[in-house]
There are 2 protein chains.
Amino acid sequence: MRDIAKAAGINIAMISYYFGSKEKLMEELFKMRMSAGLASVKEISENTMLTTVEKLEKALSGYMDRVKHNKSFYKVILAEQATNKNKSVIRFMSRLKETYAKFFESVLNEGYASGAFKNRVDPVLFITTITGTIMQSLLNKHLYATHYGVKVTEEWIRDVYFEKVKEHLKTITRNILGYESNS
Amino acid sequence: MRDIAKAAGINIAMISYYFGSKEKLMEELFKMRMSAGLASVKEISENTMLTTVEKLEKALSGYMDRVKHNKSFYKVILAEQATNKNKSVIRFMSRLKETYAKFFESVLNEGYASGAFKNRVDPVLFITTITGTIMQSLLNKHLYATHYGVKVTEEWIRDVYFEKVKEHLKTITRNILGYESNS
DNA sequence: AAGTTAATCAAACATTTGTTTAACTTTATT
DNA sequence: AATAAAGTTAAACAAATGTTTGATTAACTT
């Protein structure tokens, strides 16, 4: 709390004054940061101009971009889920995941119905692979860099690494679902 | 530390007496639990009787089994990497990951050389997807269960859920690398 | 301008947490 | 059996941590 107050340039008592407790502060943080993802999914599913593949790729690239611009926050998400301490955050994440699950399930079903996707996959496990790849990419930056002898800088992460991950995501999605590239 | 001592049925001072500090206790835990993975990789790469696909599938199924039998520990691994606090654990994990990276790189190269694998993938990003899927499957148990209306029990997790994840892993590996099923 | 409410702060408070101490018991050595 | 070493413990210690208090200042309201 002291670190947060210092970083925010405020007195520590202000956090309790405005948020009530550390737990509630975390809750607000989650609600605020997660709303962008929900809005993006909502917008995509309501857009009738998009093909199934476009919907899918738009969702994935949006997801990647949000993680790319909120690296620390997504590490907090990981830590929160792994430690399982803040119950209201866990509940919040569960609801959120269910929303994403329904979205991806409907996109996959649309693709199977139209014949765009040739390979059957469990939608929940598909999300698990996508989310897992993105989250793990946050933890494997240094592995990638040292393996290929590159120096880790903010620019490299932003302009090179995350672009490679994005491309990789596209590739594996195409291979997993079995559809042809259109770009 | 008090919780650990209680769970172990020992006095809290014993931890300092035998391990020195909380950090060093964690280090020992990591060294101990991770040695199985290293041994498995070593054994597989030294076994000349196996085909490339067999090596790959043996490594993945071994990995899955270790996670399945040490669920809490792998959540600790996730939390440790996400919070980035214990530097010696981070260093240890980095060395370990590099070992795995080299292993998978050589397996993939072997597959490309023999023509067994048709699709090119970056080996480090391939590991990222595999590890990510497995780790995320630890966090998505409840999503899977509620999405399909199943009750979460230890038996269900062990006998049903992780078997589904294992199957899924096999499927996506096959699709990502582009090789044919042999079973 | 007086009075009320809201915002801010330094300090105090009460737990929690990792570590150490000092006394003791048990085990091993001669 | 006597002595030393190793193992074990309850209690104390010091630092960290989330929260509250009570005083002070700033911002509205009439």
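Bear in mind that the values here come from a model prediction, so they are computed numbers and not experimental data.
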Worked verdict on A:Thr131 versus B:Gln136 for side-chain hydrogen bond (donor to acceptor under 3.5 Å, both in side chains): CA-CA 7 Å; A:Thr131 311; B:Gln136 195 67 33; 5.1 Å; no

Test side chain to side chain contact (heavy atoms under 4.5 Å, CB included) applied to B:Met64 and B:Leu60, step by step: CA-CA 6 Å; B:Met64 264 307 302; B:Leu60 295 186; over 6 Å; no

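Applying the ring pair (Phe, Tyr, Trp, His ring centres under 6.0 Å) rule to B:Phe73 yields the partners B:Phe30; only residues at least two apart in sequence or on another chain are considered. Scored by the side-chain hydrogen bond (donor to acceptor under 3.5 Å, both in side chains) test, B:Glu110 finds B:Thr52, B:Lys55 as partners (sequence neighbours excluded).
Distance alone, capped at 3.5 Å, places no donor-acceptor pair between the A:Ser16 side chain and the A:Ile12 backbone.
Here the C1' atom of nucleotide D:dG18 and the CD1 atom of A:Ile4 are 11 Å apart, to the nearest Å. The distance from atom CE of A:Met14 to atom C1' of D:dG18 is 15 Å, rounded to the nearest whole Å.
Using a 4.5 Å heavy-atom threshold, the side chains of B:Phe126 and A:Ile172 count as separate.
Across all strands, A:Tyr18 comes closer than 4.0 Å only to sugar-phosphate atoms, never to a base (heavy-atom distances).
Taking the 5' to 3' direction, DNA chain C first and last meets chain B under 4.0 angstrom from a heavy atom at C:dT17 to C:dT21.
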Every protein N/O within reach of nucleotides 19-23 of chain D N/O, cut-off under 3.5 Å:
residue: D:dT19; atom: OP2; partner: A:Lys22; partner atom: N; Å: 2.7

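Counted by atom type alone, A:Thr129 and B:His168 present one or more donor-acceptor pairs between their side chains at under 3.5 Å.
Within the structure, every pair that satisfies the salt bridge (charged side-chain N to carboxylate O under 4.0 Å, His left out) test and touches residues 135-157 of chain A, not counting sequence neighbours, is listed here: A:Lys71-A:Glu154.
The aromatic rings of B:Tyr179 and B:Phe117 sit tilted relative to each other, their planes meeting at an angle between 30° and 60°.
One hydrophobic cluster holds both A:Leu143 and A:Val150 under the rule that ILVMFWY side chains link at heavy-atom gaps under 4.5 Å.
DNA chain C forms stems at C:1-30 with D:1-30, each a run of 3 or more consecutive Watson-Crick or G-U wobble pairs whose two key distances fall under 3.5 Å.
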